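Computed from a predicted structure; not experimentally measured. Each chain gets a letter, A, B and so on, in the order its sequence line appears, and its residues count up from 1.
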2 protein chains.
Amino acid sequence: MDSVLRPYDLGHTQWYVLQLLAINGPLNQREVTRLLEVERATLSTITGVLVRKGLIEQLADDADQRQKVLRITAAGTDLWSTIPDPIELITTVAFAGVDPTDLATAQRVLSEATERLVNHRTEIK
Amino acid sequence: MDSVLRPYDLGHTQWYVLQLLAINGPLNQREVTRLLEVERATLSTITGVLVRKGLIEQLADDADQRQKVLRITAAGTDLWSTIPDPIELITTVAFAGVDPTDLATAQRVLSEATERLVNHRTEIK
DNA sequence: ACAATCTTGTCAGGTGGCTAACAATTAATC
DNA sequence: GATTAATTGTTAGCCACCTGACAAGATTGT
């Protein structure tokens with residue numbers, strides 16, 4: 001994934017943020033952390049990088065002075081339109097010719113496993 | 001995994017290195033990078049941390065002066081014996097009660113997928 | 001034997017993840 | 001209405017991963 005993105009000088013999480021803003025429109029950082037499941041601090045550094053590169057803007061929210069709204073810039077949409085979808089690419093390579101039933105089984109096993117792990121974590125907290 | 005290891009002040013890769021040295025005995029760094037599939041540079045910083053903590057030693061190899069042999073110290077084996085196996089813990093939580101056939105299918109699908117991805121990477125190189 | 005090449009480990013610099021602590025602002029409570 | 005709580009984003013400090021460049025030592029070619 002990173003190797004696909006490297007020519008564009010983007011890390012994979014930077015790509016995810018760009019995707020969100022390109023498709024869903026402006027969002028405040030709190031929303032983005034919820035959707036991408038990363039910590040506020042992590043997103044803070046990533047937005048810093050994207051702002052520095054001029055791909056997104058960070059605007060104050062009038063309703064709540066604590067919050068900042070992220071919006072993709074013209075340069076950002078430009079870049080976005082030229083980048084191939086790395087997820088698409090990976091899944092086609094990885095799962096080409098796999099029996100659909102087996103693939104479904106694998107997905108079920110894994111999603112159940114993650115669910116159990118999440119439950120376990122919240123329990124012991 | 002990291003949450004299990006945090007009380008012992010160990011990162012997960014530090015744990016893997018310790019495991020290797022505790023079970024397989026002394027190894028040079030090249031071997032460790034091969035077995036753990038990490039870059040030389042990555043291992044270099046990790047061995048630095050473990051040496052600083054006094055858990056492993058870094059000795060010059062007489063046969064080849066470039067190489068350095070890693071060996072677990074007494075303090076290292078001590079710590080090792082007190083740490084619970086985080087992998088064991090995770091797999092039992094994650095896959096408890098899963099149908100063995102389904103689990104086998106999932107494993108097969110995933111190992112084939114990684115194989116395809118590895119092949120793809122070496123092809124385009 | 002000597003030069004060119006390969007290998008091993010380290011360092012510098014970058015990405016991305018976390019926790020903990022902080023300032024600013026908003027929401028709750030009394 | 002004033003004090004206390006909670007929320008939002010930033011910063012600092014850590015771990016782990018990578019690439020690229022380097023020095024030192026080992027191999028290979030001629």
Nearest-neighbour nucleotide for the [X] side chain, [options] considered:
X	options	answer
A:H12	C:dT19, D:dT19, C:dG17	C:dG17
A:A41	C:dG9, C:dA20, D:dA16	C:dA20
A:V49	C:dT15, D:dA26, D:dT7	C:dT15
B:S44	D:dC15, D:dT7, C:dG9	C:dG9
A:V38	C:dC18, C:dG9, C:dG16	C:dC18

Compare all side-chain heavy atoms of [X] with those of [Y] and state whether any distance is below 4.5 angstrom.
X	Y	value
A:W15	A:I87	yes
A:Y16	A:I46	no
A:W80	A:L21	no

| field | Under 3.5 Å donor-acceptor pair, A:R66 side-chain atoms to D:dT7 base atoms | value | yes

With a 4.0 Å cut-off on heavy atoms, is [X] in touch with a base, just the backbone sugar-phosphate, or nothing at all?
X	value
A:Q58	sugar-phosphate
A:L43	nothing
A:R40	base

| query | Can you tell me the Watson-Crick or wobble partner of C:dT7, both distances under 3.5 angstrom? | reply | D:dA24

| query | Does C:dT25 have a Watson-Crick or wobble partner in any strand here, with both distances under 3.5 angstrom, and which is it? | reply | D:dA6

[X] [atom1] to [N] [atom2]: how many Å, rounded?
X	N	atom1	atom2	answer
A:D9	D:dT19	CG	C1'	13 Å
A:Y8	C:dG14	OH	P	23 Å
A:Q67	D:dT10	CD	C1'	15 Å
A:M1	C:dG17	CE	P	10 Å
A:L59	D:dG9	CG	P	13 Å
A:L55	C:dT15	CG	P	12 Å
B:L50	C:dT10	CG	P	12 Å
A:L36	C:dG17	CG	C1'	13 Å

| said: When you measure from the side-chain N and O atoms of B:T45 to the phosphate of D:dC15, is any distance below 4.0 Å, counting only OP1 and OP2? | reply: no

| On DNA chain C, nearest-nucleotide positions of B:T33 versus A:G11: which is more 5'? | B:T33

| note | With B:Q29 as partner, the option from B:Q67, B:K68, B:Q58 fulfilling side chain to side chain donor-acceptor pair (under 3.5 Å) is B:Q58

| Inter-residue atom distance A:L43.CG - A:R40.CZ, 0.5 Å rounding | 11.0 Å

| note | Between A:L79 and A:Y8 the two heavy atoms that sit nearest each other are CD1-CD2, 4.1 Å

| query | Toward the 5' end of DNA chain D, which comes first, B:W15 or B:D62, by nearest nucleotide? | reply | B:W15

| task | Please tell me which of A:D64 and A:T42 maps to the more 5' nucleotide of DNA chain D, matching each residue to the nucleotide holding its nearest heavy atom. | result | A:D64

| note | Classified by glycosidic angle (syn within 90° of 0, else anti), D:dA6 comes out anti

